[in-house]
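What you see below is based on every heavy atom in this structure, not just the backbone, and it leaves out hydrogens, waters and symmetry mates. One is the number of the first residue; the rest follow in order along the sequence.
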Amino acid sequence: LKLNGIDVAVIDAAVDQMSIDNIISNIRLIKPNIVGAGGQTPISVFSIRIFERIKREISKGILTLAGGPHFTFTDIESLENCPELDIVVRGEAEYTVLEVCKQFENGNKFEGIKGIAYKNSKGQVVNRTEGIASVGSAALDNEECWIYQALMRALGLVYIEHQARI
């Protein structure tokens with residue numbers, strides 16, 4: 001992001017053992033336009049609390065992004081259950097976040113950005129993954145199905161249909 005002229009500030013709350021109050025205080029001082037948080041499932045609730053407090057206590061105009069394994073796999077549910085969350089960035093985010101920042105800075109919509117889920121102007125969740133397709137097989141045994149499911153989830157697929165043999 002910095003190489004593309006975007007100012008970045010990082011708050012490493014885990015390393016600095018910061019409370020949510022301290023995180024919010026730091027965000028107030030930085031005065032960002034965009035705040036991103038995320039991680040694995042055990043800390044996802046803290047990210048959601050941070051988003052809620054940002055929108056309630058600082059500004060509804062700050063764009064909130066979530067990423068990481070938990071939000072990648074629960075993008076639709078996260079957006080539906082947390083009105084303060086604006087965008088979920090799925091999978092690897094380096095180039096996707098850059099595109100989100102550029103679109104936001106220029107006042108554009110996010111509809112052309114691959115690898116994100118977001119709420120459109122009607123409040124509907126938009127979740128497009130155009131770059132991945134999977135064709136399952138009913139000829140796999142249980143162990144093969146488990147490996148197949150794990151691989152598809154590692155690639156960022158959140159809904160995988162598989163046909164059971166009868």
> Does F110 offer a backbone N or O that forms a donor-acceptor pair with the side chain of Q103 under 3.5 Å?
Replying inline: no
> Do V89 and I62 belong to the same hydrophobic cluster, where Ile, Leu, Val, Met, Phe, Trp and Tyr are linked whenever their side-chain heavy atoms lie under 4.5 Å apart, directly or via other members?
Replying inline: no
> For A37 and S47, which heavy atoms make the closest approach, and how far apart are they?
Replying inline: CB-OG, 3.8 Å
>> Are T96 and K114 packed together at the side-chain level, in the sense that at least one heavy-atom pair is separated by less than 4.5 angstrom?
In response: no
> If Ile, Leu, Val, Met, Phe, Trp and Tyr residues are connected whenever their side-chain heavy atoms lie under 4.5 Å apart, and connections chain through other members, are V126 and V100 in the same group?
Replying inline: yes
> Between K55 and D86, does at least one N-O distance fall below 4.0 Å, as a salt bridge requires?
Replying inline: yes
> Measuring from E105:CD to I6:CD1, what's the distance to the nearest 0.5 Å?
Replying inline: 6.5 Å
> Do you know which two heavy atoms are closest between L1 and L98, and how far apart they sit?
Replying inline: CD2-CA, 3.6 Å
>> Please find the pair of heavy atoms, one from I50 and one from I20, that lie closest to each other, and give the distance.
In response: CG1-CG2, 4.2 Å
> If you take all heavy atoms of Q40 and P69, which pair is closest and at what distance?
Replying inline: CG-CG, 4.0 Å
> Can we say E84 and K60 salt-bridge, meaning some charged N sits less than 4.0 Å from an Asp/Glu carboxylate O?
Replying inline: no
> When rounded to the nearest 0.5 angstrom, what distance separates CD1 in I23 from CZ in R49?
Replying inline: 11.0 Å
> What residues form a side-chain contact (heavy atoms from CB on, under 4.5 Å) with Y95, not counting sequence neighbours?
Replying inline: none
> Going from CG on D7 to CD1 on I30, what distance comes out if it is rounded to the nearest 0.5 angstrom?
Replying inline: 11.5 Å
> Would you say V45 and V88 are hydrophobically clustered, going by side-chain heavy atoms of ILVMFWY under 4.5 Å?
Replying inline: no
> Going by atom types alone, do Q124 and N120 pair a side-chain donor with an acceptor below 3.5 Å?
Replying inline: yes
> Considering all heavy atoms of both residues, which atom of K119 and which atom of V125 are nearest to each other, and what is their separation?
Replying inline: CG-CG2, 4.2 Å
> If you group Ile, Leu, Val, Met, Phe, Trp and Tyr by side-chain heavy-atom gaps below 4.5 Å, do I11 and I34 land in one group?
Replying inline: no
>> Walk me through whether R53 and D21 qualify under salt bridge (charged side-chain N to carboxylate O under 4.0 Å, His left out).
In response: CA-CA 9 Å; R53 290 195 53 192; D21 288 335; 2.6 Å; yes
> So, N106 side chain and K102 main chain: donor-acceptor pair closer than 3.5 Å or not?
Replying inline: yes
> Between CG of N4 and SG of C101, what distance do you get to the nearest 0.5 Å?
Replying inline: 9.5 Å
> Atom CG of N22 and atom CD1 of I27: how far apart are they, to the nearest 0.5 Å?
Replying inline: 11.0 Å
> From F46 CZ over to S19 OG, what is the distance, rounded to the nearest 0.5 angstrom?
Replying inline: 11.0 Å
>> To check you understand the geometry: which heavy-atom pair defines the closest contact between L65 and F51, and what is its length?
In response: O-CZ, 3.1 Å
> So do the side chains of E52 and L85 get within less than 4.5 Å of each other, counting heavy atoms only?
Replying inline: no
> Within the distance-only criterion (no hydrogens, no angle test), does the side chain of T74 pair as donor or acceptor with the backbone N or O of E77 below 3.5 angstrom?
Replying inline: no
> Can you list the residues that meet the side-chain contact (heavy atoms from CB on, under 4.5 Å) rule with N33, with sequence neighbours excluded?
Replying inline: F104
> Do V10 and L63 share a hydrophobic cluster (ILVMFWY, side-chain heavy atoms under 4.5 Å, transitive)?
Replying inline: yes
> So, the side chain of R90 versus the backbone of I116: is there a donor-acceptor pair under 3.5 Å, distance only?
Replying inline: yes
